[in-house]
Amino acid sequence: MTSKSREPSLLVLALVIVIGLIAPLLDTTIVNVAIPSLRQDLHTTVATIQWVSTAYLLAMAMSIPVTGWATRRFGARQVWIAALWIFLAGSVLSGLAWNIGSLIGFRALQGVAAGLLIPIMQTLLFGAAGGKSPAGNTIALVSLPALLGPVFGPVLGGLLLNHLDWRWIFYVNPPICLVAILLAIRYLPRDAGVRTHRLDWTGLLLLSPGWPR
């Protein structure tokens with residue numbers, strides 16, 4: 001298959017990946033504008049409410065090293081779809097959070113899923129491109145969420161807070177995730193996992209205390 005004949009499928013794949021990345025990348029910034037409302041409604045301190053964002057980023061950083069093992073063990077397509085389901089569940093649970101502790105825990109669940117999705121993007125693209133670097137327009141397309149997320153996240157968060165409850169900054173994610181899951185089931189190429197070495201749980205658990213402050 002030549003690069004020209006492969007290009008349309010690559011663009012479709014890139015679009016599916018972009019939709020899957022919208023919610024995780026928006027969530028890195030959309031919550032920031034809701035911090036004052038969260039602190040007031042959940043009756044907590046400024047130092048504690050910051051963990052709503054910190055737990056998300058910390059969990060995301062911890063799950064990134066697991067991606068390589070999970071992809072080899074289960075396949076990139078399966079891990080991508082599972083991560084979207086986890087992010088969807090974390091979003092619903094965050095919107096249903098009853099106190100600051102539950103919200104922090106559910107945000108960490110979201111972070112785990114986000115940490116799996118971002119690296120798998122490259123695996124899927126390079127696999128579809130036959131191990132070669134994808135074309136420039138494909139790279140530009142999948143880079144859009146990373147560029148636009150920091151811009152539209154605070155704007156969307158502000159609009160939701162002005163017209164709805166803070167819980168809707170999490171409830172906007174499930175519809176996006178469902179669309180991304182359906183598209184992934186339809187368009188992502190199937191790949192089989194292979195038997196691989198055991199996950200280094202000790203190293204993974206020690207990763208969080210060693211994360212740079």
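If you're wondering where the values come from, they're calculated on a predicted model, not measured in any experiment. In what follows, every heavy atom counts, from backbone to side chain, and hydrogens, waters and symmetry copies are set aside.
In this structure, Y171 contributes its side chain and G95 its backbone to a donor-acceptor pair below 3.5 Å. Proximity of a side-chain donor or acceptor of R39 to a complementary backbone N or O of I49 within less than 3.5 Å is not detected. With R107 contributing its side chain and A59 its backbone, the two residues share no donor-acceptor pair below 3.5 Å. Distance alone, capped at 3.5 Å, places no donor-acceptor pair between the T71 side chain and the G68 backbone.
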Please table the atom pairs, donor to acceptor, closer than 3.5 Å between any side-chain atom in residues 83-92 and protein atoms at least two apart or in another chain.
unit_1 : atom_1 : unit_2 : atom_2 : d
S91    : OG     : F87    : O      : 2.9
S91    : OG     : Q110   : NE2    : 2.8
S91    : OG     : N173   : ND2    : 3.3

Report all side-chain donor-acceptor pairs from residues 155-165 shorter than 3.5 Å, counting only partners two or more places apart or in another chain.
unit_1 : atom_1 : unit_2 : atom_2 : d
N162   : ND2    : G158   : O      : 3.2
H163   : ND1    : L159   : O      : 2.9
D165   : OD2    : R167   : N      : 3.1

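By the rule that hydrophobic residues join a cluster once side-chain heavy atoms approach within less than 4.5 Å of another member, I30 and I19 end up as members of one cluster. With hydrophobic clusters built from ILVMFWY side chains whose heavy atoms lie under 4.5 angstrom apart, L117 shares a cluster with I17. Follow the hydrophobic side-chain contacts under 4.5 Å out from L93 and you never reach V172; the two are in separate clusters.
Side-chain atoms of R77 and I185, non-hydrogen and from C-beta on, do get closer than 4.5 Å to each other. Side-chain atoms of M60 and L57, non-hydrogen and from C-beta on, do get closer than 4.5 Å to each other. Using a 4.5 Å heavy-atom cutoff, the side chains of F170 and L103 are in contact. Side-chain contact between L178 and P175 is absent, with no heavy-atom pair separated by less than 4.5 Å. Between V31 and Y56 there is no side-chain heavy-atom pair separated by less than 4.5 Å. Taking 4.5 Å as the limit, every side-chain heavy atom of I118 sits out of range of all side-chain heavy atoms of P24.
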- Message: Apply side chain to side chain contact (heavy atoms under 4.5 Å, CB included) to residues L42 and W166 and explain how you reach the verdict.
- Response: CA-CA 11 Å; L42 298 177; W166 63 263; 4.3 Å; yes
- Item | Worked check of side chain to side chain contact (heavy atoms under 4.5 Å, CB included) between N99 and H43 | CA-CA 8 Å; N99 58 29; H43 308 291; over 6 Å; no
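Of all the heavy atoms in V16 and W80, the pair that sits closest is O-CZ2, 4.5 Å.
A search for side-chain contact (heavy atoms from CB on, under 4.5 Å) contacts involving Q50 returns I35, V46, not counting sequence neighbours.
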